[in-house]
Each structure stands twice: as structure tokens, then as C-alpha cells.
Amino acid sequence: MPHPIMYRDDDPYLVRLRTVALAFPDAIEKVAHGRPTFRCGKIFGMYGGGTKRTDTAAARRVDECVLFKPDESDSIALQQDPRFFVPAYVGAYGWLGLDLTVADVDWGEVAELPDASFRQFAPKRAVARLDGGEGPAELS
């Protein structure tokens, strides 16, 4: 049984995120588990997610967010920012989420987050193209 679709194509955050994510070399979008994922061979970003229940907090669904895997050296600092959270399922593997509804969105910053993730998962030839100037305009 397929997962229900958990996003709207006309969601303005998703529309803008698509512009950023699909500008990476060879990036494609594929729906998985009811949500858009962005891939270049492997997944480097996702739209929408949630958190797991803990002893001190209930699980919550975060529909307007971007999930990404930051550089290990940036992860601790990002987790100190209230806009970021550890998502269910992929958080155990170092992924974080940025809730796009918590504050005004800096799309330059948003583009940097999947950039770090893309560099970890994309083939070397795609990373070389990114280094050669291909990619989101927000990174220029």
C-alpha cells in the first residue's frame, strides 16, 4: 500500500526549495514515503518530516521543512539554533531538519544546507560540476 501524499505542489516553500535543489548537477525529484526527495544517485535532501516522541516531548509533524545531512563539523552548532531539529528516522544518521516556518527564510542559507549534503552523497563528477560553477544561483 503506497504512502499517502503529505505535501501540496503549490506550497510556496516547496516551490522555492525545488528551484534550489533541482539546480544541483544531475539532481532529480522523486516522491518517497509520501514526500518529495531530491537525489543525485542518493538522496541529498527531503521536504517535510517530523520528530520522534521523547521522554520530554511529543512526536510532531513538520510539513514545511527541509531535511539534509550537514557537515559533521557544523552539526552541533546548527542544533543550538531553534529552527533546526533532529528528524525521525534519518536523524540517527546525522541528518537535521530546518523548520521553514520558525523565522524569515534566508534562501542563501537554505541553499547551503543541501549543498553540504549533496557533496556527501553525489558522484564525484557531479560535485566537480558543482565546483565548476553549476548549481543553485543562491550559492553564487
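FYI, side chains are in, hydrogens and waters are out, and symmetry mates aren't considered; it's all heavy atoms of this structure. In this text, all values refer to a predicted model and were calculated from it rather than measured experimentally. Counting begins at 1 with the first residue of the sequence.
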**Student:** Please check this pair: side chain of Thr51 against backbone of Arg60, looking for a donor-acceptor N/O pair closer than 3.5 Å.
**Tutor:** yes
**Student:** Atom OH of Tyr47 and atom OG1 of Thr37: how far apart are they, to the nearest 0.5 Å?
**Tutor:**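 Going from OH on Tyr47 over to OG1 on Thr37, the span is 14.5 Å.
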**Student:** Determine, stepwise, if the pair Asp131 / Arg119 fulfils salt bridge (Lys or Arg N to Asp or Glu O under 4.0 Å).
**Tutor:** CA-CA 10 Å; Asp131 289 340; Arg119 291 174 183 282; 2.6 Å; yes
**Student:** Does the Asp11 side chain pair with the main chain of Tyr13, one donor and one acceptor, at a distance under 3.5 Å?
**Tutor:**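 Checked: pair present.
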**Student:** May I ask whether Ile76 and Val90 are part of the same hydrophobic cluster, defined by side-chain heavy atoms of I, L, V, M, F, W, Y residues being less than 4.5 angstrom apart, directly or through others?
**Tutor:**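 In one cluster with Ile76: Val90, no.
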**Student:** Are Phe68 and Leu96 close enough that some pair of their side-chain heavy atoms sits under 4.5 Å apart?
**Tutor:** yes
**Student:** Is the closest side-chain heavy-atom distance between Tyr89 and Leu67 below 4.5 Å?
**Tutor:** no
**Student:** Where do Val110 and Leu100 land on the side-chain contact (heavy atoms from CB on, under 4.5 Å) test, with the steps shown first?
**Tutor:** CA-CA 9 Å; Val110 171; Leu100 299 170; 4.1 Å; yes
**Student:** Could you tell me which non-hydrogen atom of Tyr7 sits nearest to which non-hydrogen atom of Val31, and how far apart they are?
**Tutor:**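 Answer, listing the atom of Tyr7 first, then Val31: OH-CG2, 3.1 Å.
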**Student:** Within a 6.0 Å radius of atom CZ on Arg8, are there more than 12 heavy atoms belonging to other residues, nucleotides or ligands?
**Tutor:**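 Yes, CZ of Arg8 has more than 12 neighbouring heavy atoms, counting only those of other groups under 6.0 Å.
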**Student:** Can you name the closest pair of heavy atoms from Cys40 and Ala126 and give their distance?
**Tutor:** SG-CB, 3.8 Å
**Student:** Is there a side-chain contact (heavy atoms from CB on, under 4.5 Å) between Asp63 and Arg35? Walk through the geometry before answering.
**Tutor:** CA-CA 9 Å; Asp63 289 328; Arg35 298 195 180 274; 3.0 Å; yes
**Student:** What verdict does the side-chain contact (heavy atoms from CB on, under 4.5 Å) test give for Glu29 and Leu17, after you've listed the backbone C-alpha separation in whole Å, the side-chain angles of each residue and the deciding distance to 0.1 Å?
**Tutor:** CA-CA 11 Å; Glu29 179 179 341; Leu17 181 61; over 6 Å; no
**Student:** Is the closest side-chain heavy-atom distance between Pro136 and Trp107 below 4.5 Å?
**Tutor:** no
**Student:** Looking at Ala128, is its backbone amide N or carbonyl O close enough to the side chain of Glu134 to form a donor-acceptor pair, meaning the two atoms are under 3.5 Å apart?
**Tutor:** no
**Student:** With a 4.5 Å heavy-atom cut-off, do Val105 and Arg16 have their side chains touching?
**Tutor:**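 Side chain of Val105 against side chain of Arg16, heavy atoms only: no contact under 4.5 Å found.
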**Student:** State plainly whether one hydrophobic cluster holds both Val102 and Leu14, where clusters connect Ile, Leu, Val, Met, Phe, Trp and Tyr through side-chain heavy atoms under 4.5 angstrom apart.
**Tutor:** no
**Student:** Output the distance between atom CD (Glu112) and atom CG (Asp74), rounded to the nearest 0.5 Å.
**Tutor:** 9.5 Å
**Student:** Is there a path of hydrophobic side-chain contacts, each under 4.5 Å between heavy atoms of I, L, V, M, F, W or Y residues, that connects Ile5 with Val66?
**Tutor:** yes
**Student:** Does the Thr19 side chain pair with the main chain of Val15, one donor and one acceptor, at a distance under 3.5 Å?
**Tutor:**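 The answer is yes, because a donor-acceptor pair under 3.5 Å joins these two groups.
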**Student:** Between CG of Asp26 and CZ of Arg129, what distance do you get to the nearest 0.5 Å?
**Tutor:** 4.0 Å
**Student:** Side-chain contact test, heavy atoms from C-beta onward, threshold under 4.5 Å: evaluate it for Arg61 versus Met6 and give yes or no.
**Tutor:**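 Answer yes - side chains close enough.
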**Student:** When you compare the side chain of Asp115 with that of Phe24, does any pair of heavy atoms fall below 4.5 Å?
**Tutor:** yes
**Student:** If we ignore hydrogens and angles and just use 3.5 Å, is the side chain of Gln120 paired with the main-chain N or O of Lys69 as donor and acceptor?
**Tutor:**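 Side chain of Gln120 to backbone of Lys69: a pair is present.
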**Student:** Are any of the side-chain heavy atoms of Leu22 and Phe38 separated by less than 4.5 Å?
**Tutor:** yes
**Student:** Please round to the nearest 0.5 Å and tell me the distance separating atom SG of Cys65 and atom CZ of Arg83.
**Tutor:** 13.0 Å
**Student:** Heavy atoms, side chains only, cut-off 4.5 Å: are Ile43 and Trp95 in contact?
**Tutor:**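 A side-chain contact exists here, since the closest heavy-atom pair is under 4.5 Å.
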**Student:** State, to 0.1 Å, how close Phe118 and Leu130 come at their nearest heavy-atom pair, and which atoms those are.
**Tutor:** CD2-CD2, 3.7 Å
**Student:** Which heavy atom of Lys52 sits nearest to which heavy atom of Ala88, and what is that distance?
**Tutor:**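 Result for this residue pair: CG-CB, 3.6 Å.
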**Student:** Considering all heavy atoms of both residues, which atom of Gly135 and which atom of Pro25 are nearest to each other, and what is their separation?
**Tutor:** CA-CD, 4.5 Å
**Student:** Going from CZ on Arg39 to NZ on Lys30, what distance comes out if it is rounded to the nearest 0.5 angstrom?
**Tutor:** 5.0 Å
